[in-house]
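Single-structure report; data block below.
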Amino acid sequence: MNRRWWLPLILALLFLLSILLPHFGILNLYLQQVLMYVGINIILTISLNLVNGYMGEFSVGHAGFMAIGAYISSLLTVWVFPKSWGPFVFPLVLILGGLGAALAGLIVAFPSFKTRGDYLAIVTLAFNMIIKSVLENIEAIGGPRGFMGMSKLTNVAWVYVWVLITIFAIRNFVFSAYGRGILSIREDEVAAELVSVNTRQTKILAFVISSFFAGIAGGLFAHVLQFINPRSFTILKSTDVLVMVYLGGIGSIMGSILGASIYTILLELLRPLGVWRWVVGPLLLVILMVTRPRGIMGLREARWLLPAEEVQADAAVTS
Amino acid sequence: MFKKVALLLLVLVLVGAFVACAPPVPAEIKIGVNAELTGGIPVVGASCKNAAEMAVKEVNDAGGLEVGGRKYKVTLLIEDNEDKAESAAAAAQKLNTAGVLVHIGANASRNAIPASTVCEDAKLPMISPWSTNPKTTAGKKYVFRACFIDDFQGVVAAKFAINELKANTASVLYDVASEYNKGIAEIFKKTFEEAGKQVVAFETYTTGDKDFSAQLTKIRASGADVLFLPNYYSEVPLQVQQAHKLGYTDTIFGSDSWGNLELIDLCGADCEGLFFTTHYAPDIATPKAQKFIADYEAAYGKTPDDVAALTYDAFGLAFQAIQAAGKIDRQAVRDALASITKYEGVTGTMEFRGTGDPVKSAVIIQIKNGKFTYYTSAAP
Amino acid sequence: MRFIIQQTLNALQLGSVYALIALGYTMVYGILRMINFAHGDIFMVSTYLGFFVASFLLGWALHLPMAVIFVLTLLLAMFGTSLLAVFIERVAYKPLRQAPRISAVITALGVGLFLENFTLATIGPEPRILPQVVPVINFNIGGVAVSSIQILILAISALVMFILDTIVRRTMTGMAMRAISFDKTVVPLMGIPVDRIISITFALGSSMAAVGGVLYGIAYMMDPYMGIRIGWWAFISAVVGGIGNIRGAMIGGYILGFVEIFVAAFLPSTYRDFVAFALLLLLLVFKPTGILGMPVVEQKV
């Protein structure tokens, strides 16, 4: 039906709110901060979902790509562009950070997809550790002391815009002819190959896109904190993102949005528990995974994210 | 469909619960603590929390803090920052919006720096007990610390090695992934070499390592006169013991991060006779420090470490500044903090001279008969 | 030369611990095709168990000989850790056996986080050492330092690994384990109790980790987060050896021990992690299934 017109309207309204609420102080700084984390985590989760969910591979080094985006964008805003240009060049800087991460993704992907199985996991794990080690060894960018001097360029509105871009880009990619090739790889790689999907090329492309958005998230992250150090991008950060992907459900953008939001907000809400927060949080995660092994959404998608013909097909199946 | 609605409700409830956390108007003095309760250095967080609770309890037991002729109860808000930069920033922001008057923490510089940015933007006075990285306070008006910075301690250690230990060659083993250790190690090397001496082995490891045998074998082979270990007390015993197992017999010394009696429990006889630089010596402590140590032991059953002592001093500084300001106002407290000319703390006498870094002296401790004993002092 | 012999000893000691823990990863992977990310933390728990058992036995002043206390500590820690691992498998992994196998990996991550932080919240963050159940004697053989603990670690590790290898290769249970890892659908039809074999696998893997844990507690120190780093390195050991292959995990453990020690010994130690992981990548490019790994056949799980 005509469900197509109200979606942009709601999204535009939310955009306005994301500017107005902070501007008039209705949303306090803490809530803004948490909302930005939620948004950044959504970007990370959706982009990792492309590789781990839609494609069915197992990448565990997402924080490495995030680190590249964070460092490149920070170096650009601090060293290359004058401070006053900050707000204007911010999108460009983020994209350059994302491209850097994408390039790293290409380098990692190239040898990784020769074989199947869990070897991508090892390669990405090693990549994550190598990135951290390299950053610690480059004295010019602060080494383990970290890098600072960025202005607070990230705000709720920017995060919101990038979340939308990520959703839009990944959704359209997944439902494109190319993207359906990805789904076919997950379901049956041999069969996919037989129907002339170039599996290796498709996998590499998906991995590069995923890395790009991880880099964007890194850039946003760096400009919220105005400080980055190699420790922020360890394997622990990567496993955080993994948890959000599978908590929400693989192969579902809505799942990633929910997974990232619930995980981030729940951990903030549990703050009063102090030391016990990280006892209760993981326990909830285990209980949830045991009762809903496919995550919250589990391969299903919210209707508003599906292309029209899918919705009809879906309706035909369920009715 | 039902499930979708239920999910949507769940998210809405979560968000709602979140917004509902908005702070009520305070009727008392709120002080926030941003500490590493979980994550990589939980010992630091635990000490910080203990000392904070003790400092506040003392004030409240005495009827509250007297400001401008009125007594206020002090309420303590403690947030865990998980030893993560982003969590430290969120915790600082949460404390800020909860209306704290002073923000104490975070401890490790990697968390204190993002927290300091938040506090600076919010014009919220912040005192980090333990962050030794110069960047934490550099160029900021509202950020202070209770400890000395890396540079000072590295210089003290190098001078000690040259003048007291009569070393001509030195070796260093430090955690390359930790800014504190790295900072001191590098300043030490620079100062030592500027004096015409030689650092013959400059070895590193990464946080979490427990086996240092490769590096220590190299250090032993280098034939250095002394070994400098500017590392945390939780790692030092392993390093000392492994060095001894590998046949290293020369002097070993370290920095203020050794300052926890657990070091001796963990290390046993291996640490006997070793030296380290720190803020205060328990055996020649001022009455105030002695009372602090006794109270802390009574309350928590263990001796306070440097983090506990520095957190206690951060609170002392905050209380003194609030009283000097004479009103419950962040700007007034900040101004009062910046103009503190003399604060008698547990960890020595402090003074702020225009920056957020206190001027204070260091002492050198020797471990003798299982006790930390005063050896000598070093002026700033 | 002395330097190299010394470093070789260092590497053997570290490699033994990695090998013992890598076994648990590889056995579970072999049978369930699942990376048990909680294994490093199970290792941590075993060290604490060893700590409590040893303190208890010493504290009771039963005047048992040191050797008896040591063996009891080892056995009780192995037993307790096995119980824990089997319990975790039953509660957290078994319900997920039909689900996508990655779900179980995430559950394992959750279990690991839970174990770390539960230990932190209840026992406290302070590092601890195992009470001295083995006398420390330092020998100096031609300038090479050897300690009694080092000899003990090498000997015990070799012994238990030999026992495990025998169990897997020579007993019916071991045969059943290998059969399940070969084909999970047909084996139950042959009357092999899959659930019990899986439990035994978890028990065996975690008791190997417990041996590693107690030895580690004697040689090093324990803290609630110690399982993270060692867990990752042991996991990589299992991969280098060819995940799923038991002898491969042993070899992988020693290789990682050697890489870690020798990179730090001959290059600036700052680059250790970088070089170690770059070598790992290089190995995987040329031998993607690890040293003793089977070529991966197209398989659906």
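Letters A, B, ... mirror the listed sequences (proteins, then strands); counts begin at 1. Atoms considered below: every heavy atom in the structure, side chains included; atoms not considered: hydrogens, waters and symmetry mates.
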Just how far is it from atom [atom1] of [X] to atom [atom2] of [Y], taken to the nearest 0.5 Å?
{"X": "C:Ile228", "Y": "B:Thr207", "atom1": "CD1", "atom2": "OG1", "result": "11.5 Å"}
{"X": "C:Glu116", "Y": "B:Thr38", "atom1": "CD", "atom2": "OG1", "result": "10.5 Å"}
{"X": "C:Leu14", "Y": "B:Phe212", "atom1": "CG", "atom2": "CZ", "result": "11.0 Å"}
{"X": "C:Glu126", "Y": "B:Asp305", "atom1": "CD", "atom2": "CG", "result": "9.0 Å"}
{"X": "B:His244", "Y": "C:Asn138", "atom1": "NE2", "atom2": "CG", "result": "10.0 Å"}

Interface moiety of [X] toward chain C, non-hydrogen atoms closer than 4.5 Å:
{"X": "B:Asn260", "value": "neither"}
{"X": "B:Leu37", "value": "backbone"}
{"X": "B:Gln241", "value": "neither"}
{"X": "B:Glu203", "value": "both"}
{"X": "B:Val43", "value": "both"}

Checklist entry - Counting N and O atoms only, with roles assigned by atom type, does the side chain of B:Lys245 sit under 3.5 Å from a partner on the main chain of C:Ile149, one being a donor and the other an acceptor? => result no
Next on the checklist: Is it the case that the side chain of C:Tyr220 and the backbone of B:Asp211 share a donor-acceptor pair, with hydrogens and angles ignored and the cut-off at 3.5 Å?
Outcome noted: no
Next on the checklist: Would C:Ile261 and B:Gln215 count as a side-chain contact (heavy atoms from CB on, under 4.5 Å) here? Give the steps.
Outcome noted: CA-CA 8 Å; C:Ile261 295 288; B:Gln215 296 92 323; 6.0 Å; no
Under 4.5 Å from any heavy atom of chain B - which part of [X]:
{"X": "C:Ile137", "result": "neither"}
{"X": "C:Arg128", "result": "backbone"}
{"X": "C:Val136", "result": "side chain"}
{"X": "C:Phe139", "result": "neither"}
{"X": "C:Ala121", "result": "neither"}
{"X": "C:Leu9", "result": "neither"}
{"X": "C:Ile129", "result": "both"}

Checklist entry - Where do B:Lys218 and C:Gln6 land on the side-chain contact (heavy atoms from CB on, under 4.5 Å) test, with the steps shown first? => result CA-CA 10 Å; B:Lys218 265 168 115 175; C:Gln6 184 75 63; over 6 Å; no
Checklist entry - Are the side chains of C:Pro268 and B:Phe202 in touch, meaning some heavy atoms are under 4.5 Å apart? => result no
Next on the checklist: Would you say that B:Ser213 contacts C:Gln13 through its side chain, given a criterion of any heavy-atom pair below 4.5 Å between the two side chains?
Outcome noted: no
Item to check | Chi angles and distances behind the side-chain hydrogen bond (donor to acceptor under 3.5 Å, both in side chains) call for C:Asn10, B:Thr217 | outcome: CA-CA 9 Å; C:Asn10 298 340; B:Thr217 304; 3.0 Å; yes
